[in-house]
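Here is the naming used below: chain letters follow the sequence lines, and residue numbers restart at 1 for every chain. As a basis for the values below, the full set of heavy atoms in this structure was taken, side chains included, without hydrogen atoms, waters or symmetry mates.
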2 protein chains.
Amino acid sequence: MAKVTIKDVARESGYSIATVSKALNGVDVVKETTKNKILEAAKRLDYSPNLMGKQLKSGSTQTLGFFTSSVTGPYFSILIDALANFSEKNGYGLNVFISSDRDKIMNTIRGRLVDGALLFDTIINDDDIEQFNNERISSVFLDRKISDGSTSSIVFDSQGAGRAIGNYLINLGHRNIAYIAGYDDVYDSELRFAGLKQALNDHGLVFEPHNRLAGMFEEEASYNAILSFLRVARLRGYELPTAFVAGNDTSAIGAIKALRHEGLNVPEDISVVGFDDIDVAEYFNPPLTTIRNPIMAQARGAVEILLSLLQGEQDIPSQVLPGELVIRKSTSNIPS
Amino acid sequence: MAKVTIKDVARESGYSIATVSKALNGVDVVKETTKNKILEAAKRLDYSPNLMGKQLKSGSTQTLGFFTSSVTGPYFSILIDALANFSEKNGYGLNVFISSDRDKIMNTIRGRLVDGALLFDTIINDDDIEQFNNERISSVFLDRKISDGSTSSIVFDSQGAGRAIGNYLINLGHRNIAYIAGYDDVYDSELRFAGLKQALNDHGLVFEPHNRLAGMFEEEASYNAILSFLRVARLRGYELPTAFVAGNDTSAIGAIKALRHEGLNVPEDISVVGFDDIDVAEYFNPPLTTIRNPIMAQARGAVEILLSLLQGEQDIPSQVLPGELVIRKSTSNIPS
DNA sequence: TACTTTTTTAAAAACGTTTTTATTTTTCTG
DNA sequence: CAGAAAAATAAAAACGTTTTTAAAAAAGTA
């Protein structure tokens, strides 16, 4: 019961390997009657082609690879589902690789296990990208802006989102706004922060450095950050901010819980906004005001760009997607 | 700047292809000094082996495939992440294939693109499984109980979970319990229902057929189902249930919203329990009492079984995992 | 030193395909 | 009906590896 190969089909049908291959792949030089005989033989033996052989010879896998260090969080579910759909619509399969091992990632990409790569949160550096260019490997980054030869990108306008939130809060009358940052080395968080500061500056306001706390993108870290922030503020007599902008929804939730624990109501006493619009945001009490990433648009755009790259287009400019402000109940006018 | 192959490394180093291959793969028949020379040459040319060639020859890809029709929902994030981790720990990569196209799935599995398959929510039928057995393809199902040759499974004890919830509610004093079902053809939902009925029977109670409503596993469908159920109950003078068991958390949420809309409080007037323990369950108001799937245990078990299968073990019995009752605030004693 | 054994390297076969080139068969033309 | 053209099939090369077998070089041995 060994695996049946094209050779077996050739023997069974009485034709050569070459004609069998052509018949099976619909190359139209083969006569109708022999084609049928071959198809029957293949069916009789229940032949299924070995994809390695096929791909090795043809040089193409007809699959796109999505590389990421993790898939936890609702963002990925939606993104991956969408990527798979758009890929399939264009005749490509999607393959998801979860790894933070740079060498492994480079091996699978350079080893031609996929025709093109979609990259998120991977430690691919500039040298690697140069290598992609040298070897004409097409890739699209989803988390960093770059455009160089056969690699391009499609990212959120994090800074614009920060600015939008800043403007929204300022319009509500807030003047003293705090920021709950993520990890220091997360570029995204910094961009959002920069946007917020920019909005402040545009209105002739300044961001007080002591108003920046470290939330680490986690609920508990954010909870604790708020607690110690409040303690320090009382100690030194800082005026409390009227609004907190969190680096993501999870830390916004932590912040609200901490504020409530300290007897402060959201949004009556203090407004809080998040980033991302995760599932929970809508159901939390109070429902979170936040910025939503246009995930579908990003997925569609990423696949489109990658496909163009695959067709030989070069230096496709990076695309920047605006976020969408979702106003719910965790923000309100400044209490007068 | 064409792709550099092992041939190029052979030329560059002055050795034959065979020795280069051995040097690169650490086969220890090659002399230390030549090995070094070859390694240097490879580095100089920045050689990266073509994985198709490698895999075609070796017959193994060192990857496990996870096949699913979709990845939406928090369950998958956790499951996939865990599967990837456990695979990696055992020297295998994990590849996620999202497709509901049976032929495509069978092609990639039979085409030997992966060494073994983890299957969830795919339309693989019994003939296909027989084919796996014929071709000695190892596979593990995560959503249906089966044990046959080189295919096995690891699933939740849905019926046991239903029973557990039933017992819990009965102990709280509930006697009149309703069930909000999913789709009729979802085996899982039926098992849960059967478990619930069993618990009732065990206590000498009966399930009233009119107490089964169709929630479709969706928030809105469940919302509407409750509304019309309430209307009919009032019309016909049925006594209202004191507890609703929903087929999943999402429909539990829809149910609670509908009950609240009708002026009924949860859990004061009516208890509601869900299934799955999705993220939102904890943050919803009131926090949901539900049953949690031991996703990590399932992932670990699935990989372990698949690995054993890959090593030639046969007829591994199906594993059944018990769910964990998570008691929160959506259930209470029956009002006396 | 001359032979044998061991170590090291090279050549060739193989994995399962597709594609290019060559050969055979069929059909057309005058 | 003979020859040329067209159609259909077969043979061989190729994709990039690893592995098996063969050959060469080095090291022992007497």
Margin query: For a quick check, with a 4.0 angstrom heavy-atom cut-off, what is the B/S/- contact string for nucleotides 16-26 of chain C, read 5' to 3'?
Written below: BBBBB------
Next item on the list: Measure the distance from CD on A/E32 to P on D/dT9 and round it to the nearest whole Å.
Entry: 11 Å
Check: Do we see a donor-acceptor contact under 3.5 Å between the side chains of B/S318 and B/S147?
Finding: no
Note to self: Can you tell me how far apart CZ (A/F141) and CD1 (A/I154) are? Round to the nearest 0.5 Å.
What the structure shows: 14.5 Å
Note to self: What I want to find out is whether B/R144 reaches B/D126 closely enough, with some N-O distance under 4.0 Å, to be called a salt bridge.
What the structure shows: yes
Note to self: Please determine whether a side-chain nitrogen or oxygen atom of A/S16 lies at a distance below 4.0 Å from atom OP1 or OP2 of D/dA10.
What the structure shows: yes
Check: Can you tell me how far P of D/dA25 sits from OH of B/Y15, to the nearest Å?
Finding: 13 Å
Note to self: Does anything in residues 75-85 of chain B form a side-chain hydrogen bond (donor to acceptor under 3.5 Å, both in side chains)? List the pairs, not counting sequence neighbours.
What the structure shows: A/S77-B/S77, B/Y75-B/Q298
Notebook entry, point to check: Quick one: does A/D148's side chain have a donor or acceptor within less than 3.5 Å of a partner on A/T151's backbone?
Noted result: no
Next item on the list: For side chain to side chain donor-acceptor pair (under 3.5 Å), just list the numbers for A/T61 and A/T63, CA-CA rounded to whole Å, side-chain angles, deciding distance to a tenth of an Å, and then say yes or no.
Entry: CA-CA 5 Å; A/T61 62; A/T63 49; 2.9 Å; yes
Next item on the list: Please determine if a side-chain N or O atom of B/T34 lies less than 4.0 Å away from the OP1 or OP2 oxygen of C/dT9.
Entry: yes
